[in-house]
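Okay, structure first, notes after.
Every heavy atom of this structure was used, including side-chain atoms; hydrogens, water molecules and symmetry mates were not. Fair warning: this is a prediction, and the values are worked out from it, not measured in the lab.
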Amino acid sequence: MDMHTVVVGTSGTTAEDVVAVARHGARVELSTAAVDALAASRLIVDALAAKPEPVYGVSTGFGALASRHISTELRAQLQRNIVRSHAAGMGPRVEREVVRALMFLRLKTVASGHTGVRPEVAQTMANVLNAGITPVVHEYGSLGCSGDLAPLSHCALTLMGEGDAEGPDGTVRPAGELLAAHGITPVELREKEGLALLNGTDGMLGMLVMALADLRTLYTSADITAALSLEALLGTDKVLAPELHAIRPHPGQGVSADNMLRVLAGSGLTGHHQDDAPRVQDAYSVRCAPQVNGAGRDTLDYAAVVAGRELASSVDNPVVLPDGRVESNGNFHGAPVAYVLDFLAIVAADLGSICERRTDRLLDKNRSHGLPPFLADDAGVDSGLMIAQYTQAALVSEMKRLAVPASADSIPSSAMQEDHVSMGWSAARKLRTAVDNLARIVAVELYAATRAVEIRAAEGLVPAAASQAAVAALRAAGAQGPGPDRFLAPDLAAADTFVRAGALVAAVEPVTGPLA
């Protein structure tokens, strides 16, 4: 567990803090300012609750049932009931890191002082996170509008001591037992609090933040594998010259070209073909790698801007304003987040596609400029990396299906009160699968490219120092290369782990300097 503490204040949080809490178990603490803001906004809600006029979320029903005024003696039951009735998710359990991000981001909005939740409810949320208790949340149940309702409801259920949750030891038990074991008193919800715990974009936002962190690593890794493939194919690095990219000044393109150029510094393979078998141009998948990788990088930057705005937001309905008004709004709509989640799935699919095309070129003796068929140890006796490319191609095909936007769909709900929804949760769930697949695709290219570079080295050519470092680190990580009586799957799995962990980037940076 990460022992550093993330302090939650009134003005949002950072992507780094989300990752620290979600993935690394960082502790959570409420700032004094947040506690004060919570108390102040609660006074406003209590004053409105005492008035005879109905106020949405305080003294009325919800959604299509908002026209019913709820009497004082039924309001606590109303808040309990909204959590219980909305905890209607189905399907497989959602990953622990996603649930922790979901809870932390809801706490971030609660702590803003715009929700009317009491300080003790917020503190209970922090206590549950710090105890390592993770509510059981299911795959299906959010339309990405009025918040990630079912997922957040399952989290709120745990705060009430109801439903199931996973303890720090990984065992699923009744939430009430887990709270008691950690000395946490279940909350008894009052006016507006049940609604405030459910009404946010926290699930889709948490998945966006973590996808961005993973994709940053994968894009740098893909720059490296593209450079390795260019080198193994005896391509020319002249297309990476800074002056060429300066006249088309997309920022990401220049960054990717620079990364590739630094990986290839000192290579004895690039341009080698010009001496005996001139090629006017390399294939698009080789020559245009900076343009494709760079466009994806620029998309990541835009998505990070959207994520940053959302991390600074207080998403609830209704909200408590500083002047004492409690106003209904539409800020819970997930469209801004949903769009970029889908955009990222598109660029991830295209990155996977160009990686696969280079892998196929490395394996084809008619296009690989002297490499053995399928990079086999003894072509014909063994099939080399033939089926590794099949696996990579299958993953690319799935990536293309996952690139179909979820946010282009909408399905009405709540008796047509909620008649246009974002499907942002669905966009986030498929993006997680896409990112997972992309790591495998990059790993297969890495495995093929390092194998090809080794073959070139055995022929007497001298690879770039960064390429040699990548090969040595991958072999040390357990991906040994084709040979008689060897199963390929463990090597591919080792390459996959190597890429996901950022080990490829770490292996070459001592030679190249920090890569972007």
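- Residues passing the side chain to side chain donor-acceptor pair (under 3.5 Å) test with Ser407, sequence neighbours excluded: Asp342.
- Closest approach of Ser221 to Leu504, counting heavy atoms only: O-CD2, 3.7 Å.
- Looking at heavy atoms from C-beta onward, Leu385 lies out of side-chain contact with Leu362 at the 4.5 angstrom threshold.
- Taken from CG in Asp298 to NE2 in His250, the straight-line distance is 7.5 Å, to the nearest 0.5 Å.
- A salt bridge (Lys or Arg N to Asp or Glu O under 4.0 Å) check over residues 106-135, counting only residues at least two apart or in different chains, returns the pairs Arg106-Asp202, Arg106-Asp316, Arg118-Glu120, Arg118-Glu193.
- Within the 3.5 Å criterion, the main-chain N or O of Arg23 finds no donor-acceptor partner in the side chain of Arg100.
- Between Thr134 and Val128, the closest side-chain pair of non-hydrogen atoms is not below 4.5 Å.
- In this structure, the side chain of Asp496 does not engage the main chain of Leu492 through any donor-acceptor pair within 3.5 Å.
- The environment of CZ in Phe332 is crowded: more than 12 heavy-atom neighbours from other residues, nucleotides or ligands sit within 6.0 Å.
- With hydrogens and angles disregarded, a donor-acceptor distance shorter than 3.5 Å links the side chain of Asp148 to the backbone of Met204.
- With hydrogens and angles disregarded, a donor-acceptor distance shorter than 3.5 Å links the side chain of Ser153 to the backbone of Leu149.
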**Prompt:** Where do Leu107 and Leu30 land on the side-chain contact (heavy atoms from CB on, under 4.5 Å) test, with the steps shown first?
**Reply:** CA-CA 9 Å; Leu107 176 59; Leu30 293 169; 4.0 Å; yes

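- Residues satisfying the side chain to side chain donor-acceptor pair (under 3.5 Å) criterion with Asn259, sequence neighbours excluded, are Asp223.
- The distance from the CG atom of Leu341 to the OG atom of Ser426 is 10.5 Å, given to the nearest 0.5 Å.
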**Request:** In sequence, state the C-alpha distance, the side-chain angles, and the governing distance for Gln389 and Thr359, and then conclude on side-chain hydrogen bond (donor to acceptor under 3.5 Å, both in side chains).
**Result:** CA-CA 7 Å; Gln389 185 268 330; Thr359 303; over 6 Å; no

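- Counting only residues at least two apart or in different chains, salt bridge (Lys or Arg N to Asp or Glu O under 4.0 Å) contacts with residues 127-141 comprise Glu139-Arg429.
- What you find for Ser422 and Ala335 is that their closest heavy atoms are CB-N, 3.5 Å.
- Here the closest heavy-atom approach between residue Val6 and residue Ala20 is recorded as CG2-CB, 4.5 Å.
- Sorted by first and then second residue, the pairs that involve residues 397-431 and meet ring-ring contact (aromatic ring centres under 6.0 Å, His included), not counting sequence neighbours, are His333-His420.
- Considering only residues two or more places apart in sequence or on other chains, Asn127 meets the side-chain contact (heavy atoms from CB on, under 4.5 Å) condition with Gln123, Ile184.
- Summarising the geometry of Val499 relative to Ala443, their closest heavy-atom pair is CG2-CA, 3.9 Å, with the distance given to 0.1 Å.
- In terms of modelled atom types and a separation under 3.5 Å, the side chain of Lys430 and the main chain of Val404 share a donor-acceptor contact.
- Residues Val98 and Glu95 meet the side-chain proximity criterion, which asks for heavy atoms closer than 4.5 Å.
- Across every non-hydrogen atom of Leu178 and Ala165, the tightest pair is CD1-O, 3.3 Å.
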**Message:** Run Glu418 and Ser146 through side-chain hydrogen bond (donor to acceptor under 3.5 Å, both in side chains) and show every step you take.
**Reply:** CA-CA 8 Å; Glu418 298 165 10; Ser146 290; 3.3 Å; yes

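- Take Arg358 and apply the side chain to side chain donor-acceptor pair (under 3.5 Å) test, not counting sequence neighbours, and it matches Glu445.
- Between Glu166 and Ile133, every side-chain heavy-atom pair lies at or beyond the 4.5 Å cut-off.
- Screening residues 97-143 for ring-ring contact (aromatic ring centres under 6.0 Å, His included), with sequence neighbours left out, gives His138-His154.
- Residue pairs meeting the salt bridge (Lys or Arg N to Asp or Glu O under 4.0 Å) criterion with at least one member in residues 384-404, sequence neighbours excluded, do not occur.
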**Item:** Verdict with supporting geometry, Asp436 and Arg432, salt bridge (charged side-chain N to carboxylate O under 4.0 Å, His left out)
**Value:** CA-CA 6 Å; Asp436 198 36; Arg432 278 184 71 84; over 6 Å; no

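- Counting heavy atoms of neighbouring residues, nucleotides and ligands inside a 6.0 Å radius, atom CD1 of Ile411 does not exceed 12 of them.
- In this view, His182 satisfies the ring-ring contact (aromatic ring centres under 6.0 Å, His included) rule with no residue, not counting sequence neighbours.
- Here the side chain of Asn331 pairs no donor or acceptor atom with the backbone of Val315 at under 3.5 angstrom.
- The shortest non-hydrogen separation linking Tyr219 to Gly296 is OH-CA, 3.5 Å.
- Here the straight-line distance linking atom OG1 of Thr450 with atom CG of Leu474 works out to 5.0 Å at 0.5 Å rounding.
- Put simply, the side chain of Val136 reaches to within 4.5 Å of the side chain of Val172, judged on heavy atoms.
- Going from atom CG of Leu351 over to atom CD1 of Ile441 covers 8.0 Å, rounded to the nearest 0.5 Å.
- For the pair Leu189/Leu197, a side-chain contact is recorded, criterion being any heavy-atom separation below 4.5 Å from C-beta on.
- Every side-chain contact (heavy atoms from CB on, under 4.5 Å) that Ala304 has, sequence neighbours left out, goes to Leu212, Arg216.
- Within 6.0 Å of CD in Glu327 there are more than 12 heavy atoms belonging to other residues, nucleotides or ligands.
- Taking the side chain as every heavy atom from C-beta outward, Asp17 and Thr14 approach each other to under 4.5 Å.
- Going from atom OG of Ser11 over to atom CG of Leu311 covers 11.5 Å, rounded to the nearest 0.5 Å.
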**Request:** List the steps and the verdict of side-chain contact (heavy atoms from CB on, under 4.5 Å) for Leu321 and Val326.
**Result:** CA-CA 6 Å; Leu321 296 174; Val326 175; over 6 Å; no

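- A donor-acceptor contact shorter than 3.5 Å is absent between the side chain of Ser383 and the backbone of Met386.
- The side-chain hydrogen bond (donor to acceptor under 3.5 Å, both in side chains) pairs that include a residue from residues 344-355 number zero, where partners must be two or more places apart or lie in different chains.
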**Message:** Determine whether Arg42 and Asp46 satisfy the following criterion, salt bridge (charged side-chain N to carboxylate O under 4.0 Å, His left out), listing intermediate values before the conclusion.
**Reply:** CA-CA 6 Å; Arg42 186 64 209 180; Asp46 286 341; 3.1 Å; yes

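- Atoms CG and CG, on Leu218 and Asn293 in that order, are 11.0 Å from each other to the nearest 0.5 Å.
- Between the side chain of Asn199 and the backbone N or O of Asn317, at least one donor-acceptor pair lies under 3.5 Å.
- A donor-acceptor pair under 3.5 Å links the side-chain atoms of Ser410 to the main chain of Val421, judged by distance alone.
- Within the 4.5 Å cutoff, no side-chain heavy atoms of Ser314 are placed close to those of Thr115.
- The closest donor-acceptor contact from the side chain of Lys192 to the backbone of Ala49 lies at 3.5 Å or more, if one exists at all.
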